[in-house]
Amino acid sequence: MENVVLVDDTGIPIGYTEKSSVHHQNTPLHLAFSCYIFGPHGHFLCTRRAIDKKTWPGVWTNSCCGHPQPGETLAEAMLRRVSDELGLVPARWGMVLPDFRYRAVMDNGVVENEICPVFLAFVDDEPVPNPAEVGEYAWIDWAGFRSLVSSEALRISPWCRMQLEELAAMPANPRLWPFTPPDELPERWRGPLHAPEAVSS
């Protein structure tokens, strides 16, 4: 069973609940992460969400997303999901947008409501996607990807679109994006997440 860590408005864990039941019209604020992966030739790994996903099925998005589990660090969660979803082990990685947060509503009223720090990772291998998570993938030039999104030629997840707006302030070459030093992260995210109790959603 996979859980999500519920947080208060400042990101402090206040409980946890089952992932399978957390997303609905009144989705509580919870902790997640996004990851942008680049290959050895500098191309960005864009993925299309599996058609059976509850939120934004079949939509193109960033390389990997997920939810940390109680007792897990954000970094451990990112590495676990990159392995589980894409069969990849990053050679180098770090957090680049520690304060990203968003809320988005699907046409059917289902809500995503997340504090969602963003990681950057570099890999040397080709992905082996888990079909339960990833419908398809493409390596694409970063500037070309941003152009496709800005021209609305590519249907993209709302969180990815909002993240791109913040990443636009970074250097044009993702290899130059600065990692957030661990000691500059909020203290509540430097170690394992401790969610005090299960909460019914």
Side-chain angles (χ1 to χ4, degrees), residues 1-9 11 13-37 44-88 97 100-119 121 127-138 145 148-149 152 154-166 189 193 195-201:
M1 180 182 68
E2 188 173 1
N3 293 307
V4 297
V5 176
L6 306 179
V7 294
D8 67 13
D9 203 53
I14 57 173
Y16 64 91
T17 192
E18 293 183 27
K19 178 185 174 184
S20 61
S21 64
V22 75
H23 296 105
H24 43 71
Q25 281 75 15
N26 295 295
T27 301
L29 184 63
H30 57 279
L31 190 59
F33 72 86
S34 289
C35 187
Y36 287 72
I37 295 174
F44 166 60
L45 179 61
C46 184
T47 63
R48 185 170 176 265
R49 292 168 64 80
I51 201 68
D52 292 329
K53 300 285 281 185
K54 185 171 183 178
T55 57
W56 282 272
V59 172
W60 287 92
T61 191
N62 53 288
S63 311
C64 180
C65 297
H67 301 88
Q69 300 298 288
E72 191 175 42
T73 68
L74 280 165
E76 288 169 344
M78 181 274 292
L79 294 171
R80 172 178 56 83
R81 292 304 298 173
V82 167
S83 175
D84 290 349
E85 291 189 15
L86 297 164
L88 292 170
L97 293 178
F100 181 77
R101 174 177 175 172
Y102 78 100
R103 185 180 185 277
V105 185
M106 294 178 61
D107 291 342
N108 64 4
V110 173
V111 172
E112 270 288 18
N113 186 21
E114 297 179 336
I115 292 178
C116 184
V118 176
F119 287 89
V128 182
N130 177 347
E133 301 290 343
V134 179
E136 54 185 309
Y137 73 92
F145 173 70
L148 285 172
V149 173
E152 299 191 355
L154 186 67
R155 185 174 174 231
I156 202 78
S157 70
W159 59 88
C160 184
R161 183 178 295 278
M162 288 183 271
Q163 288 163 356
L164 287 177
E165 294 173 1
E166 297 194 26
W189 295 346
L193 297 163
E197 59 183 16
V199 176
S200 174
S201 61

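Since we're looking at a predicted model, the values are computed, not measured.
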Decide yes or no for [X] and [Y]: does some side-chain heavy atom of the first lie under 4.5 Å from some side-chain heavy atom of the second?
X	Y	answer
Tyr36	Cys160	yes
Trp56	Pro158	yes
Glu136	Trp60	yes

Nearest heavy-atom neighbours spanning [X] and [Y]:
X	Y	result
Arg48	Gly58	NE-O, 3.0 Å
Leu86	Cys64	CD1-CB, 4.2 Å
Val5	Pro68	CG2-O, 3.6 Å
His23	Thr27	CA-OG1, 3.4 Å
Ile37	Cys35	CG1-SG, 3.9 Å
Val105	Val111	CG2-CG2, 4.0 Å

>> Parallel, tilted or perpendicular: which one describes the rings of Phe44 and Phe145, with boundaries at 30° and 60°?
In response: tilted
Distance in Å, [X] [atom1] paired with [Y] [atom2], rounded so as to fall on 0.5 Å steps:
X	Y	atom1	atom2	value
Cys46	Leu154	SG	CG	5.5 Å
Leu6	Leu29	CG	CG	8.5 Å
Glu76	Leu193	CD	CG	9.0 Å
Arg80	Glu72	CZ	CD	4.0 Å
Cys65	Glu133	SG	CD	10.0 Å
Leu79	Leu88	CG	CG	11.5 Å

Within the side chain of [X], is there an N or O that forms a donor-acceptor pair under 3.5 Å with the backbone of [Y]?
X	Y	value
Glu85	Asn130	no
Arg49	Thr55	yes
Thr47	Asn62	yes
Ser157	Thr61	no

>> With side-chain contact (heavy atoms from CB on, under 4.5 Å) as the criterion, how do Leu31 and Leu74 come out once you've worked through the C-alpha distance, each side chain's angles and the decisive distance to 0.1 Å?
In response: CA-CA 9 Å; Leu31 190 59; Leu74 280 165; 4.1 Å; yes
>> Could you go through Ser34 and Trp159, starting from their C-alpha distance and side-chain angles, then the distance that decides it, and tell me whether this counts as side-chain contact (heavy atoms from CB on, under 4.5 Å)?
In response: CA-CA 9 Å; Ser34 289; Trp159 59 88; 3.9 Å; yes
>> Could you walk me through whether Ile156 and Leu164 satisfy the side-chain contact (heavy atoms from CB on, under 4.5 Å) test, starting with their C-alpha distance in whole Å, then the side-chain angles of each, then the deciding distance to 0.1 Å, before giving a yes or no?
In response: CA-CA 11 Å; Ile156 202 78; Leu164 287 177; 5.6 Å; no
>> Can you confirm whether Asn108 is buried at CG, in the sense that more than 12 heavy atoms of other residues, nucleotides or ligands lie under 6.0 Å from that atom?
In response: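 Enclosed: over 12 neighbouring heavy atoms sit under 6.0 Å from CG of Asn108.
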> Only one of Arg103, His30, Arg101 forms a side-chain hydrogen bond (donor to acceptor under 3.5 Å, both in side chains) with Glu114, so which one is it?
Replying inline: His30
>> Between Phe100 and Met162, is the side-chain contact (heavy atoms from CB on, under 4.5 Å) condition met? List the steps.
In response: CA-CA 9 Å; Phe100 181 77; Met162 288 183 271; 3.9 Å; yes
